[in-house]
Amino acid sequence: MDIKTICVCGAGTMGAGIAQLAAQQGFKIILFDVNPVMLAKAKADIENNLEAQVNKTRITDEARLSTLKNLGFIDQVNACIANVCIEAIVENIEAKVCLINQLAAINNTDTIFATNTSSLSIDSIAEKTVCAERVLGMHFFNPAYIMKLVEVVEGSKTHKQVSNAIMTLASQLGKTPVLCKDFPGFIVNRVARHYYLEAMKLVEEGIADIETIDEIMEASGFKMGPFRLMDLIGMDINLSASNAVYQALGKPERLQPAALQKQMVEAGKLGRKTKQGFYNY
Ligand SMILES: NC(=O)c1ccc[n+]([C@@H]2O[C@H](COP(=O)([O-])OP(=O)(O)OC[C@H]3O[C@@H](n4cnc5c(N)ncnc54)[C@H](O)[C@@H]3O)[C@@H](O)[C@H]2O)c1
């Protein structure tokens, strides 16, 4: 399949990063969000990121300009016509299904619909769409334009040609794609649950504070401590992943979401995106 145009749906933390990455690799990008404020923020963030890359001589000014030319910012779903649509909207099955069905109605019959969900099973989304054989997971990590790993997840109805095309696309984007089984949390988010949950238990039990835990984990070789990482990911997204893995595995006590996690979400302290999380930004 010749992929030239990619529509990225959702211009939040992940969508903006994926759009920047793919535009830098020469793809024509439509970045779609229902919220014009998020689109404006994504545009400003991408422009700043590219300028920073020029200043660090990582890319030329020509590359910056051609990346910007590859990007279109839209708030109308009717303009989302592409070879591949990657959705990175709110972590909610109904919202994702509704969007994919809207996109399927206006796109060609060979357009692929990839979901960037971190915690929902692909089948739980795909089975409610009109195009299950063209739906699969394409799970990027944050920041998408830096992190190398992409988990590619086939649902039970995903056509092999579709997953092959997305494995190839991920490689063309300079990523390391790994084919994963369809299970909430896939591989990384399941393994990483303990990194977050045990760290929050240490705080809840008064054994150590967040700064100390982050410092210790970073000194022991992790790139980011658990609290700095949760702030980067977003507490709402992290809580959704905790809930999904906990439910799917039959509610084992070791994976019970932390009270601290819920408190942070209820207080609207979602991390970097709200400028307040475990740290202030
Ligand atoms: N944050 C992470 O570290 C991370 C990592 C991997 C995957 N994910 C997944 O990526 C997805 C997005 O996460 P995020 O952190 O970027 O969220 P976010 O809250 O930063 O952004 C979501 C964006 O989607 C937009 N939106 C909501 N409904 C929409 C719709 N129907 N159509 C178009 N736009 C819509 C919102 O306006 C918002 O701008 C989620 O499924 C999440 O699980 C997140």
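All of these numbers come straight from a predicted model, not from anything done at the bench. Atoms within a ligand are numbered from 1 in the order they appear, just like the ligands themselves. Every heavy atom of this structure was used, including side-chain atoms; hydrogens, water molecules and symmetry mates were not.
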Problem set entry | Verdict with supporting geometry, E91 and K96, salt bridge (Lys or Arg N to Asp or Glu O under 4.0 Å) | CA-CA 8 Å; E91 188 73 331; K96 288 181 189 295; 3.5 Å; yes

For this session: Take Y195 and F222, measure what ring-ring contact (aromatic ring centres under 6.0 Å, His included) needs, and give me the verdict at the end.
Result: CA-CA 11 Å; Y195 190 55; F222 285 83; 4.7 Å; yes

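In terms of hydrophobic clustering, with Ile, Leu, Val, Met, Phe, Trp and Tyr side chains grouped at heavy-atom distances under 4.5 Å, I86 and V188 are assigned to different clusters. Linking Ile, Leu, Val, Met, Phe, Trp and Tyr whenever their side-chain heavy atoms come within less than 4.5 Å leaves V150 and I237 in two separate clusters.
Taking every heavy atom of both residues into account, N107 and A82 meet most closely at OD1-N, 2.8 Å. Looking at every heavy atom in both residues, V245 comes nearest to P184 through CG2-O, 3.7 Å. The two atoms that bring T117 and H139 nearest to each other are O-CD2, 3.5 Å, heavy atoms only.
Atoms of ligand 1 lying under 4.0 Å from at least one heavy atom of M38, given by number and element, are 37 (O), 39 (O). Remark: ligand 1 atoms within the under-4.0 Å shell around heavy atoms of K96 are 40 (C), 41 (O). Those atoms of ligand 1 with a heavy atom of T117 less than 4.0 angstrom away are 41 (O). The distance from ligand 1 to the heavy atoms of G12 drops below 4.0 Å at these ligand atoms: 16 (O), 20 (O), 21 (O), 23 (C), 39 (O). Heavy-atom proximity to H139, at under 4.0 Å, picks out these atoms of ligand 1: 6 (C), 7 (C).
Counting protein heavy atoms only, atom 22 (C) of ligand 1 is closest to A88 O, 3.9 Å. Ranking protein heavy atoms by distance to atom 18 (P) of ligand 1, first place goes to K273 NZ, 3.8 Å. Of the protein's non-hydrogen atoms, E91 OE1, 2.5 Å is the one closest to atom 41 (O) of ligand 1.
Taking only nitrogen or oxygen atoms, main chain and side chain alike, E87 does not reach within less than 3.5 Å of ligand 1. When only interatomic distances are considered, the shortest N/O to N/O separation between N35 and ligand 1 does not fall below 3.5 Å. For a threshold of 3.5 Å applied to N or O pairs, the pair formed by I233 and ligand 1 contains at least one separation below that value. The N/O atoms of D236, backbone and side chain alike, include none that comes under 3.5 Å of an N/O atom in ligand 1.
For M14, heavy-atom contacts with ligand 1 shorter than 4.0 Å involve the backbone as well as the side chain. Of the heavy atoms in S118, both backbone and side-chain atoms come closer than 4.0 Å to ligand 1. In I237, the part holding a heavy atom less than 4.0 Å from any atom of ligand 1 is the side chain. With a 4.0 Å cut-off on non-hydrogen atoms, N142 touches ligand 1 through its side chain and not its backbone.
Considering each of F140, F32, F141, the one bringing a non-hydrogen atom nearest atom 32 (N) of ligand 1 is F32. For atom 27 (C) of ligand 1, the choice among V8, I89, T274, L31 with the nearest heavy atom turns out to be I89. Nearest to atom 9 (C) of ligand 1 by heavy atom, out of N116, L39, T13, L103, is N116. Between L99, D33, L229, it is D33 that holds the heavy atom closest to atom 23 (C) of ligand 1.
Within the cation-pi definition used here (under 6.0 Å to the ring centroid, within 45° of the axis), R228 qualifies as a partner of Y279.
The shortest distance between side-chain heavy atoms of M200 and M230 falls below 4.5 Å.
A donor atom on one side chain and an acceptor atom on the other are not found under 3.5 Å apart for T67 and Q24. With 3.5 Å as the limit, one finds a donor-acceptor pair spanning the side chains of N49 and Q20.
Look at G234 and you'll find every heavy atom at least 4.0 Å from all atoms of ligand 1.
Counting only distance, with no hydrogens or angles, the side chain of Q76 and the backbone of N78 share no donor-acceptor pair below 3.5 Å.
Rounded to the nearest 0.5 angstrom, I125 CD1 and E94 CD are separated by 10.0 Å.
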